[in-house]
Each structure stands twice: as structure tokens, then as C-alpha cells.
Protein chains: 2
Amino acid sequence: MPRVGLDINKIIETAVEIADQEGIEAVTLATLARKLSVKSPSLFNHIKGLASLKREMSLYGLRLLLEKLKNSIEGKQQDEALYAMAYAYVAFTREHPGLYEVTIQAPEVIDGELKKAGDDIVELIIYVLKDYNLDYEKMIHTIRGLRSILHGFSSLEQSGAFALSVNVEESFKYIIKNFIKAIHRVDRK
Amino acid sequence: MPRVGLDINKIIETAVEIADQEGIEAVTLATLARKLSVKSPSLFNHIKGLASLKREMSLYGLRLLLEKLKNSIEGKQQDEALYAMAYAYVAFTREHPGLYEVTIQAPEVIDGELKKAGDDIVELIIYVLKDYNLDYEKMIHTIRGLRSILHGFSSLEQSGAFALSVNVEESFKYIIKNFIKAIHRVDRK
DNA sequence: TTATAAAACTAACGGTATTAGTTTTTGGGG
DNA sequence: CCCCAAAAACTAATACCGTTAGTTTTATAA
């Protein structure tokens with residue numbers, strides 16, 4: 001019975017395109033509707049509103065990130081897996097700067113689905129860190145440290161904060177290398 | 001000749017209050033004007049517009065952060081100074097969550113004044129790291145690592161990402177401690 | 001005391017999200 | 001084959017936002 005023009009996936013994909021090309025603040029129902037050759041009230045047949053759309057984008061982003069991280073560690077363990085995951089993380093933020101932005105920023109309400117998508121990523125990190133045999137508390141500290149580094153680095157890079165001439169890629173390698181070294185030191189202490 | 005009601009400092013202070021209490025997205029000329037018991041066009045006698053106001057807030061935030069960091073390291077060196085600075089940084093983001101948000105997010109144009117305020121903070125970090133006698137490249141890597149940790153941790157904490165039961169303060173101490181240890185290892189290698 | 005300039009105001013415009021109500025289209029049941 | 005119900009588009013309207021233009025008020029310097 002429906003008209004076959006739009007569907008929610010097409011809407012989300014287009015919104016992600018706008019976000020990645022022009023930034024998250026450029027994602028409005030007006031620009032989105034224009035890009036989809038439709039009037040903005042028509043979007044309400046598929047989404048509840050702008051806030052709801054951003055929630056959908058966030059969920060999409062979290063799931064895509066999880067998939068990329070999972071793929072990156074396939075067949076790898078310990079340091080190799082950790083390196084791969086770290087690189088996959090920043091690769092994602094570079095490929096999808098706008099999507100990453102909306103994925104990170106806290107929505108007004110976090111429902112179960114959104115929480116699970118976030119928890120799944122944390123669980124994957126736990127899975128990789130299991131190889132290091134840290135006790136529970138230290139593992140949590142380590143996860144928080146890793147997430148801080150990954151998110152902080154990505155966020156600062158996107159906002160153009162790393163302006164100096166030294167190669168940014170080298171810096172990231174250096175930072176992750178030292179972080180991993182630190183885990184090993186703790187382990188044998 | 002002017003009426004003595006408003007001035008630009010009062011406007012910025014009030015905008016910062018709104019940002020810290022309700023988030024940066026709640027800072028609109030409308031809410032700001034209401035809180036100042038004035039009509040929103042009146043604000044244009046003091047500021048050029050909303051974008052300009054956010055630039056002023058960002059500059060204010062950077063300068064305030066610099067001051068807090070400077071005060072924190074007074075009379076301290078090396079590890080002690082680094083610890084103090086790290087704690088002062090997160091203390092600032094907790095005291096001024098909204099101001100920190102607008103301070104970090106990149107404005108559309110970065111003028112000289114804004115750039116200098118950011119550079120001053122980086123210079124202060126360089127000043128503290130000088131004690132470790134790192135070569136230039138490693139120092140830049142280290143600065144980027146430290147900034148990533150500080151910003152990443154603050155940002156994730158603010159967005160409620162550290163939900164597990166383990167004490168967040170302990171995690172931060174652990175992260176900074178290991179970061180500092182890593183600097184020492186590089187130093188003597 | 002008065003002229004002037006700053007700072008407030010009102011009115012208006014274009015852009016936004018959103019709601020209500022209407023028209024169009026489409027695909028399955030008679 | 002047709003028709004009708006439901007989905008999906010539309011138009012019209014509302015409320016809020018930032019911003020501009022033009023007007024009025026007010027404080028102070030001369």
C-alpha cells in the first residue's frame with residue numbers, strides 16, 4: 001500500500017551523508033528533506049522528529065563502529081588485536097566524522113537499545129583485554145584509559161587541535177605503543 | 001552616555017551560567033535575553049550575534065583554563081606538576097561542563113586571539129614536560145597523548161560513558177600514573 | 001539645560017521544527 | 001478488474017529562533 005519512495009533506512013543514510021560532509025549541525029529536517037526531494041513534513045511519516053532521527057543515527061553509528069572493531073581483530077590476540085582495534089577506531093572517526101560526532105554526544109534519553117549498543121563495544125574491548133589477565137578493577141581502569149585516548153585523540157584531531165608539524169600518525173602510533181607497554185608493566189608487577 | 005544595565009562581561013557570564021547549568025545547546029539569544037530581563041535584539045548592541053558570543057565564551061574558557069592550570073603547578077615540578085595539572089584540568093571540566101564544551105568545539109573561524117589562547121595552554125604543557133628532557137618529536141607525541149587523555153576522559157565522563165561501579169576518580173589516578181610512568185621509561189631508554 | 005550617542009525598544013523577515021488536515025497513490029480482497 | 005483502505009505524500013498554519021531596520025528612551029558631556 002505505501003508509496004515506495006522513502007524509507008527509514010534511506011533517510012538515515014542520507015542524514016549520515018550530510019553529517020559526514022557538512023557536520024552534524026547541518027543535519028536539519030529542512031536540508032534532509034531538500035536532499036531527498038521531499039517536503040519536510042513528509043519525513044514525519046517515517047521518523048518521530050529531529051531528536052528521534054539523531055537517536056537512530058547514533059544507534060546506526062554505534063553498530064557500525066562495533067562491526068568495524070570486530071572485523072579488525074579477527075584472528076588476532078593481545079597486542080596485535082589491541083593495535084588493530086585502536087587503528088580501526090580512528091579510521092572510523094576519520095571516515096565518518098559527522099556520524100561519530102552524533103554517536104558520541106549524549107542524547108537526552110538513553111533507552112535500552114542505545115545502551116546495549118554502547119555496552120557491546122565496551123564488551124568487545126573487555127574481550128581483547130582479557131588476554132592480559134588483569135584483575136577486574138585494573139581492567140576497568142584500563143578500558144577507561146583506552147577509551148579516553150581513542151576518543152580524545154579522535155575528537156582533538158577532528159577539531160584541528162593537532163596543528164604542529166609533527167606527523168599525527170606517528171603520534172598516534174607512539175601513544176598506543178606506550179599505552180600497551182604500560183599494560184604489560186602492570187601485568188607483571 | 002550609555003545606559004548602565006548591560007555590558008559584554010555580564011552577557012558572557014550569564015551565557016556561561018546557562019551553558020554550565022543546562023548545556024551549551026540551551027544558550028540561545030532568546031533564553032539569554034530572558035535571563036537578563038531584556039529583549040533579544042538589545043543584545044546586538046553588545047555582541048555581533050550568537051556565533052560571536054560563542055567565540056567570546058570560548059576565549060573566556062581558554063583563558064580561565066590556562067589560569068587554573070598555571071595556578072595548579074605553582075612551585076611544583078615534574079611528576080608533581082603533571083599530576084596537579086591533570087587534576088586541575090578535569091576539575092575545570094567538572095566545574096564548567098558547558099563552558100568546556102563550547103571551549104573545545106571548533107568555531108567556524110579561528111582568529112589570532114583564539115589561536116593564541118589555545119597555544120598558551122599547549123605552551124604551558126610544554127613547560128611542564130621540559131623537566132623530562134624529551135627530544136622534540138617525543139615531546140610533541142607526549143603532549144598529544146596527554147591532551148587526548150585529558151580531553152577524552154573529561155568528555156566521556158560528561159557524557160555519562162563511565163557507568164560501571166568502579167570509582168571514576170581511581171580510574172583517573174591510575175591512568176595518569178601509568179602515563180607518567182611511561183614518560184619515565186622513554187626518558188631512560 | 002540641552003544635544004548627542006549609546007542602549008533599549010517594536011516590528012518585521014526568513015528559517016527552523018512540528019502539527020493538523022487534505023490529497024494522492026498503491027496494492028490486496030471482493 | 002475494480003475499489004477501497006491505508007500509507008505516504010502534500011499544503012497550511014503555528015510557534016520559536018536569529019537577525020535587521022527603524023524608533024524611542026536615557027544618561028552624560030558640553
Side-chain angles (χ1 to χ4, degrees), chain A residues 1-60 98-99 101-102 105-109 111, chain B residues 1-60 98-99 101-102 105-109 111:
Chain A
M1 310 129 158
R3 240 169 284 190
V4 283
L6 275 189
D7 67 357
I8 194 172
N9 289 323
K10 178 77 179 166
I11 291 178
I12 293 175
E13 281 168 23
T14 306
V16 169
E17 273 179 34
I18 296 173
D20 286 337
Q21 288 167 9
E22 305 171 47
I24 183 61
E25 72 287 346
V27 177
T28 68
L29 295 187
T31 63
L32 186 54
R34 272 192 288 273
K35 189 155 185 171
L36 289 165
S37 304
V38 108
K39 306 296 176 181
S40 62
S42 304
L43 298 172
F44 284 80
N45 286 316
H46 306 276
I47 58 172
K48 290 204 192 105
L50 183 59
S52 165
L53 171 65
K54 289 189 176 169
R55 194 212 82 115
E56 298 299 328
M57 292 175 74
S58 183
L59 193 57
Y60 174 85
L99 178 59
E101 210 177 335
V102 71
Q105 71 184 30
E108 47 290 337
V109 289
D111 56 294
Chain B
M1 306 131 163
R3 241 169 285 188
V4 285
L6 275 189
D7 67 359
I8 194 172
N9 289 324
K10 179 77 178 167
I11 290 177
I12 294 175
E13 280 167 26
T14 307
V16 169
E17 271 179 34
I18 296 173
D20 286 337
Q21 288 168 9
E22 305 171 47
I24 183 61
E25 71 286 347
V27 177
T28 68
L29 295 187
T31 62
L32 185 54
R34 271 193 287 273
K35 189 155 185 173
L36 289 165
S37 304
V38 110
K39 306 296 175 180
S40 63
S42 304
L43 298 173
F44 285 79
N45 287 316
H46 305 277
I47 58 173
K48 290 203 190 102
L50 183 59
S52 165
L53 171 66
K54 288 189 176 169
R55 194 212 82 115
E56 298 299 328
M57 292 175 73
S58 182
L59 193 57
Y60 174 84
L99 178 59
E101 210 176 334
V102 72
Q105 72 184 31
E108 48 289 337
V109 289
D111 56 293

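Convention: sequence-line order gives letters A, B, ...; per-chain numbering from 1.
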In whole angstrom, give the distance that lies between atom CG of A:Leu6 and atom P of D:dC10. 9 Å
To the nearest 0.5 Å, tell me how far B:Leu43 CG sits from B:Leu53 CG. 8.5 Å
For B:Thr28, answer base if it contacts any base atom (sugar-phosphate contacts may also be present), sugar-phosphate if it contacts only those atoms, and nothing otherwise; contact means non-hydrogen atoms under 4.0 Å. sugar-phosphate
Is A:Asn45 side chain donor-acceptor paired with the D:dA7 base, going by distance under 3.5 Å alone? no
Measure from the side chain of A:Val38, starting at C-beta and using heavy atoms only, and say which of D:dC10, C:dT16, D:dC17 lies closest. D:dC10
About how many Å separate CD1 of B:Ile47 and CG of B:Leu29, when rounded to the nearest 0.5 Å? 5.5 Å
Can you name the nearest heavy-atom pair linking A:Met57 to A:Ala19, along with the distance? CE-CB, 3.9 Å
Quick one: A:Lys48 NZ to C:dT19 P, roughly how many Å, whole number? 12 Å
Could you check whether any side-chain N or O of A:Thr31 sits under 3.5 Å from a backbone N or O of A:Ala26, counting only pairs where one atom can act as donor and the other as acceptor? yes
Looking only at the side chain of B:Phe44 (C-beta and beyond, no hydrogens), which of the listed nucleotides C:dA8, D:dT20, D:dT11 gets closest? D:dT20
N or O in side chain of A:Ser42 less than 4.0 angstrom from D:dA8 OP1/OP2: no
Atom pair distance, as rounded to whole Å: CG in B:Leu29 and P in D:dC17: 10 Å
Below 4.0 angstrom from OP1 or OP2 of D:dA9, is there any side-chain N or O of A:His46? yes
Rounded off to whole Å, could you give me the NZ-to-P distance for the A:Lys39 and C:dT16 pair? 13 Å
If I take atom CD1 in residue B:Ile47 and atom P in nucleotide C:dA7, what distance separates them, rounded to the nearest angstrom? 13 Å
So if I take every side-chain heavy atom of B:Ala30 and compare against D:dA12, D:dC17, D:dA9, which nucleotide ends up nearest? D:dC17
To the nearest Å, give me how far apart CD1 (A:Ile8) and C1' (D:dA9) are. 17 Å
Contact under 4.0 Å: A:Arg34 side-chain N or O vs C:dG15 OP1/OP2: no
Step by step, would you call A:Lys48 with A:Arg55 a side chain to side chain contact (heavy atoms under 4.5 Å, CB included)? CA-CA 10 Å; A:Lys48 290 204 192 105; A:Arg55 194 212 82 115; over 6 Å; no
Atom pair distance, as rounded to whole Å: CG in A:Leu32 and C1' in C:dG15: 16 Å
To the nearest Å, give me how far apart CG (A:Leu53) and C1' (C:dT16) are. 15 Å
